[in-house]
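Worksheet: the structure to be examined is printed underneath.
Being a predicted model, the structure only gives us computed values, none of them experimental.
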Amino acid sequence: MDDSTIVAVTLGVVCACGLLVLVMAMVMLLWLRARRRRQKLLQDLTFDGMDQSKSTKSAPTSRSPSPKQDKRMSWTEPTTSKKAIRGILVRSLTADRIPEFTLPPERVQPRSISLEGDQGQQFTYSHSPHREYLNAIKPDLYSSQTTPSEDDDLSGPDSSNGRLWYSLLYNPEVEQLAVTLIKVKDLPGRAPNNNPRDPFVKIFLLPDERTCRVSKVKRKTLNPVYNETVSFAVSQTEVIKRVLRFSVYDVDKRRVRHSLGHVIVNLKDLDLSKGDARWADLETAVQPVSAMGDMQVSLLYLPHNDKIKIGLHKARNLTHMVDYSNNMGAYMRIQLMYGHKCHRMKRTLAVASSTEISFNESLSFTVQGRQFDSCNIIISLMLTFPGLARPASSRRPAAAAAGSSRGGPVSGDADVEYGRVALGPFMYARGEELAHWQQMLAHPKVVSTKWHALNNGVVQSSSP
């Protein structure tokens, strides 16, 4: 076959394919048109059937429609004809007069007769067949009884820090001291708008500061009323040597406690057998009052010499001195501690013991600046028996220092420790002792003098 024959055959095939496609398109167009006509015819037939049956699609066409019922009227047809009432507009139906009616008989409570007894007591008697004469009503039984917390006869002049009411009663049979916290009044509000507080009270029986009684927290008030009673177990001979302390605190929204004031009560000056209510004004600073006594100490820090000068001035209110003989001697012992180990110890001259003792001596220790966080100073009031007192020495012998690392005395085994005061950082001291130490470091070359309460309620022997 030559090229002309191939071209002719190819052209014929292409023409045949094009003609076939055209025929198929015409057939598809005719089929679509016929389908559309058929659908339109079916729709017309369906709507004609619905109009004749007047029914919905969901109801069958064979069901007859429901009979039409007349609407029910709320008023009856008048007997007159429609022509008579045509054009008349009825606006409202009114009566010519109010109908007559009668009220039921009123129930009236029987009349009561008020009688008065011989002693002014009144009672009520009712003429009811179901009531009987009970007895005269006694108003005294229903009158509000005043409690000690409501008694304001003990109030005195106004207080700027607040006032606390309490009562004390000691039972010698069970050896218990009952302390009743009645109320606190006129507490200062929270700044700046004098808002109410959430106060509570801690009760301490000094010199034991580890054990305390805590009251409930009263919400949003500056005049809380507690009426709570707590008890302390203490012997009859020891109760007069103790000191009671009330500490009032406030708790803010961040659960932080703020000190509002304190009340110090010395039990030796009170009658504990009556339980009378008393009051005292709150003091913002805790006075160093102890059942064992107080000690006046001064501190001076000299940074250029790395020295601490400790001044020992006086000791007062030494109530436990009455338990010892009058011919005993007393001296002050100072220990420079690193942790729980005694590094250096010094003492003052021995003087005659009494309830008021004056020493007026000054001792110094060398302490490097980096060692202030790890060292502390313990000042002890020591009692020595006659014939055992020794002159003051600036340093301990090496043998004595090695044998009494626990803080033993220099004078001898018979010396006893009456009480002590610990001064140092937060690791070793609290309260006024810690504040005194921090004040010394914050103001070098300035003498700081304060009174401190002697602790260790039980007199302990200082021998190792």
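With sequence neighbours left out, Asp271 forms a side-chain contact (heavy atoms from CB on, under 4.5 Å) with Ser273, Lys274. With sequence neighbours excluded, no residue satisfies side-chain hydrogen bond (donor to acceptor under 3.5 Å, both in side chains) with Asn376. Ser354 meets the side-chain hydrogen bond (donor to acceptor under 3.5 Å, both in side chains) test with no other residue; sequence neighbours excluded. Every side-chain contact (heavy atoms from CB on, under 4.5 Å) that Pro196 has, sequence neighbours left out, goes to Lys220. Phe204 is linked by a ring-ring contact (aromatic ring centres under 6.0 Å, His included) to nothing, counting only residues two or more places apart in sequence or in another chain. By the side-chain contact (heavy atoms from CB on, under 4.5 Å) test, Ile377 pairs with Ile308, Ile310, Ile334, Leu336, Ile379, Trp437, sequence neighbours left out. For Gln371, the side-chain hydrogen bond (donor to acceptor under 3.5 Å, both in side chains) partners two or more places apart in sequence, or in a different chain, are Tyr338. For Tyr226, the ring-ring contact (aromatic ring centres under 6.0 Å, His included) criterion is met by no residue, not counting sequence neighbours. Ser215 pairs by the side-chain hydrogen bond (donor to acceptor under 3.5 Å, both in side chains) definition with nothing, not counting sequence neighbours. By the side-chain contact (heavy atoms from CB on, under 4.5 Å) test, Arg219 pairs with Asp198, Val217, sequence neighbours left out.
Under the 3.5 Å distance criterion, the side-chain polar atoms of Gln296 are left unmatched by any main-chain donor or acceptor of Leu312.
Side-chain contact, Arg257 with Ser259: no donor N or O sits under 3.5 Å from an acceptor N or O. Between Ser380 and Glu417, the side chains place a donor N or O and an acceptor N or O closer than 3.5 Å (distance only, hydrogens not considered). Side-chain atoms of Asp252 and His258 form a donor-acceptor pair, as typed in the model, at a separation below 3.5 Å. With hydrogens and angles left out, the side-chain atoms of Thr449 and His313 include no donor and acceptor closer than 3.5 Å.
Using bins of under 30°, 30° to 60° and over 60° for the plane-to-plane angle, the ring pair Trp279/Trp165 lands in the tilted bin.
Sorted pairs that involve residues 370-381 and meet salt bridge (Lys or Arg N to Asp or Glu O under 4.0 Å), not counting sequence neighbours, are lacking altogether. Identified under the side chain to side chain donor-acceptor pair (under 3.5 Å) test for residues 300-311, with sequence neighbours left out: Lys307-Thr366.
Comment: Asp415 does not engage Arg333 in a salt bridge, judged by the lack of any side-chain N to carboxylate O separation of less than 4.0 angstrom. With respect to the salt-bridge test (charged N to carboxylate O, under 4.0 angstrom), the residues Lys314 and Glu356 do not qualify.
Contact of the Ile182 side chain with the Val225 side chain is not registered, since no non-hydrogen atoms from C-beta on lie closer than 4.5 Å. Proximity of Arg190 to Arg197: side-chain heavy atoms (C-beta onward) are separated by under 4.5 Å at one or more points.
With a 6.0 Å cutoff to the six-membered ring centre and a 45° limit on the axis angle, Arg278 does not count as a cation-pi contact of Tyr166. Both tests hold for Arg430 against Phe426: distance to the six-membered ring centre under 6.0 Å, angle to the ring axis within 45°. Because its NZ or CZ atom is both nearer than 6.0 Å to the ring centre of Tyr249 and within 45° of the ring axis, Lys202 counts as a cation-pi partner of that residue.
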Check the pair Lys185, Lys183 against side chain to side chain contact (heavy atoms under 4.5 Å, CB included), reporting the backbone distance first and the verdict last. CA-CA 7 Å; Lys185 291 188 65 176; Lys183 63 180 178 180; 3.8 Å; yes

